[in-house]
Protein chains: 2
Amino acid sequence: MPKIETDNLALRRGLFFPTAEIYAGAPSGFYDYGPYGCTIRRKILELWRKELVQKEGFVEIYGRQILPEAVFKASGHLESFADPIIQCKKCGSWYRADSLIAEKTGKIVPESLPLKEMDAIVKESKLDCSKCRGKDFSETKKFNMMMKVDVGAMGQNVCYLRPETCQTIFLDFARIYKTNRLSLPCGIAQAGTSFRNEISPRQGLLREREIGQMEIEIFFDSDKINDVEKFSQIENEKLNLFLLKDKMVSKISAKDAVSKKIVSGQLIAYFLARVQQFYQKLGIPLESMRFRELEDTARAFYARETWDFEVETDLGWIELMACNYRTDFDLKGHSKESKQDLSVVDNFGKKVLPHVFELSAGIDRSFYVAIDLAFRNEKRGPEERIFLKLPSQICPYVSGIFPLVKKDGLFEKAYSIFEELSSENFEVFFDEKGSIGKRYSRMDEIGVPFAITVDYDSMNDGTVTLRDRDSLEQKRVKISALSEIFRKLLNGRTTFDKI
Amino acid sequence: MPKIETDNLALRRGLFFPTAEIYAGAPSGFYDYGPYGCTIRRKILELWRKELVQKEGFVEIYGRQILPEAVFKASGHLESFADPIIQCKKCGSWYRADSLIAEKTGKIVPESLPLKEMDAIVKESKLDCSKCRGKDFSETKKFNMMMKVDVGAMGQNVCYLRPETCQTIFLDFARIYKTNRLSLPCGIAQAGTSFRNEISPRQGLLREREIGQMEIEIFFDSDKINDVEKFSQIENEKLNLFLLKDKMVSKISAKDAVSKKIVSGQLIAYFLARVQQFYQKLGIPLESMRFRELEDTARAFYARETWDFEVETDLGWIELMACNYRTDFDLKGHSKESKQDLSVVDNFGKKVLPHVFELSAGIDRSFYVAIDLAFRNEKRGPEERIFLKLPSQICPYVSGIFPLVKKDGLFEKAYSIFEELSSENFEVFFDEKGSIGKRYSRMDEIGVPFAITVDYDSMNDGTVTLRDRDSLEQKRVKISALSEIFRKLLNGRTTFDKI
């Protein structure tokens, strides 16, 4: 279960909380973000867009969540996107069979196990219901996790809420390839929501029914998987690979991962390296990351090769991104079902049905883990200081701005700094309430990296105190230099101690 | 129907297009955005956030789209969010009764008309089915436009996709008020999606089933509706008010609108003025805007006073934002249904159930109208030039960057400018393909305001040609000055002719 301190902070500062929480009986697995959480979440998205989309020369689209049934016939979800579930015969509670087995016995069974075998394990493990302790369960059955929506006056159009955002990218691929004059390899990204009817989700932001995803589908000619222009930029970067065969993390350079055929090719290794770089910018230490190789039975039905990007927390290793080599499974499926030829002609006149490498990240999971790993509780004598050591780029504000007192023009001076920095597009927070200590501590708890205090000296010499969240150091700086200082700090061109 | 030229451009450049268009039979009323459209849409959202949320000191939240049934019992949608529909007895086609009457006879009947009276009008108008010309229709019935979703293994939780994003704001209000230490008046904003099961939508982005909304709910003490601190800043601003009593637009100052009791108070007039300012920044001319006063029968069931913000296009007046005085209807409803006291204590210790003034804008409609009004088709002799005269702040890129030729180091020089500007967070587009004229014209069509050309002189004197989309003027500027020039152009601190 999520770390209690992080969750308490989240509730106290309204970072996130259950959807429709004022109603008893609202379904679990839905979470809203309050203002600070909403801003951090948005900035994680912006960082993803900058680092993994724009820097790669990829494009981003925005598609709809309700899609017709034919899409999921083609994608395989209608048939294969199902969990094994069982019901307690005494109280009627539903469980995912594999999860209940894991919870009660510690045994990991693949969710794709044949139903008869699942039944046998349920029986021999003598599971009991977590609610009523009953020991009699129904037979295992498959439950499709897609949520159905009827569109039209009489529900003429059977549709589903998409269970993964990427289907939109496959549907729109041919048009985008043409209108945006793309050539292979190319990447199409989308940030959006997908929906999964999870059985009794109880893990906060880590197991949701309405899921934020940021996905990138990289389309390429499978003959050219080793023809990656920028490979040399990362070839010596060490990848933290958790290989099936040795059940531990090995640090293997991108170059070696390719030459030893640990990955299918340069294109895969290149993006695994970029994913590590991205999550480091989110504040995740390299030593807490790994790519876990998935075995055949654990991979999604569309994947030939999967690397789950996982981060270690107090809750164990948490998957933040699935890196799936989907081959031409999806474009082939949609070509067949829609009777449209989705192959493209490359720059050399060759007709190609592209293969796809996918980087499918959970926004909410990335958010949760970033917050959780940033959480600090420092004891200093009798006092304790809670702060979020978030990287500046994803903080809700770059700085708090405080007048020491409200009188003698200090309020107005501080407010003019607030207005000036706002007009320069810096997100800053004005706070004149309570002691300076309390104001600092409120900023600390939501991860604001800096704070400006306007005092009596400011009125004479045009300087303010700039305080650093992490070191607690304070420096005296010119008001006129603030915007340049923040620009450099945010761009990583300087650090607080060098100001 | 949407203007054909705008729609052609949209398809040609992939700005937007029907969702799942490769599948025949995909339901209407869903549209995806390609890369350029997606970026413009995102920038409209960013401008809204900056102008109407952050500048007002409001906060933004992010909530989920699936909400339990109890929410809509409280909000009134379960009972009242329904359209009158009829079916052709011959071919089975469904119509909104009021729309079919309007289409065939030009007669405007309120959708809230009693069903018997609707039937009488259908009969006496001798309507015929648009599809099969049949003249025999079923009796009118009410059709609830919410889309139902069953959550849980056996659909134990009856839920709906929210028909308006604002319900999330009402549900989360009490927590946010506390965790963010708000005081009245305060505003809570949200950008997100809502869902309406429209009958046979056929108006492109103007009538969708999955709708982008950017909403702001302003909570205030109804006793203090005339106690607006910043009112003096806009009191002389003229509002374009289309009043019921005189059926034409009158330009009335905010101050007069209050003193003549045309609006309920200062708070309403203040935000109507701010809405006009916002849409001007989106490129909508003041003379094409109006606030239309809605009569009792046309207002939504929760509103005491409604001003529909409309913009004139070739398609007629299009509603982009509903400005609804919702009173305490929503908080009262949720208090009653959830049995939670949603009133708050103000700074003076007074317990208040706040009233709400709502600014509910359609993202997709705002996008469509911004594009449509920006569309230019200029004939210059035998040539024609198509361009989008979009304001810089919502353009997909600030500038194109073109090497005149690929050889002699020009490509590398241009690419280094691209990388430098990208690292400064400017969104720029690199294009080396085709003649310079073609490259200009591709940028023109998606509204990119500037273009940089790197030529042989650039290699010697470190200058480039900067071209202005609207005037077609070109200036020679220093490469080292580009980022400062763009910063000033985007901030509105300079214009192209003053560079």
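Letters A, B, ... mirror the listed sequences (proteins, then strands); counts begin at 1.
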(message) For A/Phe195, which atoms come within 4.5 Å of any heavy atom of chain B: side chain, backbone, both, or neither?
(response) side chain

(request) Using the ring of B/Tyr62 (Phe, Tyr or Trp, six-membered ring only), decide whether A/Arg42 places NZ or CZ under 6.0 Å from its centre and within 45 degrees of its axis. (result) no

(request) Report yes if the side chains of B/Ile169 and B/Gln190 come closer than 4.5 Å at any heavy-atom pair, otherwise no. (result) yes

(request) Could you tell me which of A/Asp172, A/Asn491, A/Thr193 has the largest number of non-hydrogen atom pairs under 4.5 Å with chain B? (result) A/Asp172

(message) Can you tell me which of A/Trp94, A/Tyr23, A/Tyr33, A/Phe17 forms the most heavy-atom pairs within a distance under 4.5 Å of chain B?
(response) A/Tyr23

(request) Indicate yes or no: at least one non-hydrogen side-chain atom of A/Leu67 is less than 4.5 angstrom from one of A/Leu171. (result) yes

(request) Determine the option with the most heavy-atom pairs under 4.5 angstrom with chain B, choosing from A/Lys148, A/Arg487, A/Lys339. (result) A/Arg487

(message) Is B/Arg181 close to chain A through its backbone or its side chain, or both, or neither, when contacts mean heavy atoms under 4.5 Å?
(response) both

(request) Please look at A/Glu210 and chain B and tell me whether the side chain, the backbone, both or neither of the residue comes under 4.5 angstrom of a heavy atom of that chain. (result) both

(message) Looking only at side-chain N and O atoms, does B/His334 offer a donor or acceptor that is under 3.5 Å from a partner on B/Gln167?
(response) yes

(request) Side chain from CB out, backbone as N, CA, C, O: work out which of these in A/Lys50 comes under 4.5 Å of a heavy atom of chain B, or both, or neither. (result) side chain

(message) Taking every non-hydrogen pair under 4.5 Å, which of A/Ser423, A/Cys159, A/Ala74, A/Ser200 racks up the most with chain B?
(response) A/Ser423

(message) Counting heavy-atom pairs closer than 4.5 Å to chain A, which one of B/Ile85, B/Ile22, B/Leu11 comes out on top?
(response) B/Ile22

(message) If you count heavy-atom pairs within less than 4.5 Å of chain B, which of A/Asn144, A/Val149, A/Asp83, A/Leu15 leads?
(response) A/Val149

(request) Return the orientation label for the B/Phe429 and B/Tyr397 ring planes: parallel under 30°, perpendicular over 60°, tilted otherwise. (result) tilted

(message) For A/Pro35 versus B/Ile176, what's the shortest heavy-atom pair and its separation?
(response) CD-CD1, 3.5 Å

(request) Using non-hydrogen atoms and a 4.5 Å limit, figure out which bit of A/Arg196 sits close to chain B: side chain, backbone, both or neither. (result) neither

(request) Can you tell which part of A/Glu69 gets under 4.5 Å to a heavy atom of chain B, answering side chain, backbone, both or neither? (result) neither

(message) Is any side-chain heavy atom of A/Tyr160 closer than 4.5 Å to one of A/Met147?
(response) no

(request) Among B/Arg13, B/Glu424, B/Gln54, B/Arg41, single out the residue with the greatest number of heavy-atom pairs under 4.5 Å to chain A. (result) B/Arg41

(request) Flag the one option from A/Glu60, A/Glu208, A/Arg12 with the top tally of heavy-atom pairs under 4.5 Å to chain B. (result) A/Glu60

(request) With rounding to the nearest 0.5 Å, note down the distance linking CZ in B/Arg209 to OG in B/Ser28. (result) 4.5 Å

(request) Would you mind reporting whether A/Arg439 and A/Lys433 have side-chain heavy atoms less than 4.5 Å apart? (result) no

(message) Is A/Ile188 close to chain B through its backbone or its side chain, or both, or neither, when contacts mean heavy atoms under 4.5 Å?
(response) neither

(request) Could you verify whether a donor N or O on one side chain and an acceptor N or O on the other, from A/Arg162 and A/Thr168, lie under 3.5 Å apart? (result) yes

(message) I'd like to know which of B/Ile199, B/Val59, B/Ile66 tops the heavy-atom pair count under 4.5 Å against chain A.
(response) B/Ile66

(request) Pick one of side chain, backbone, both or neither for A/Glu419, based on which atoms fall under 4.5 Å of a heavy atom in chain B. (result) neither

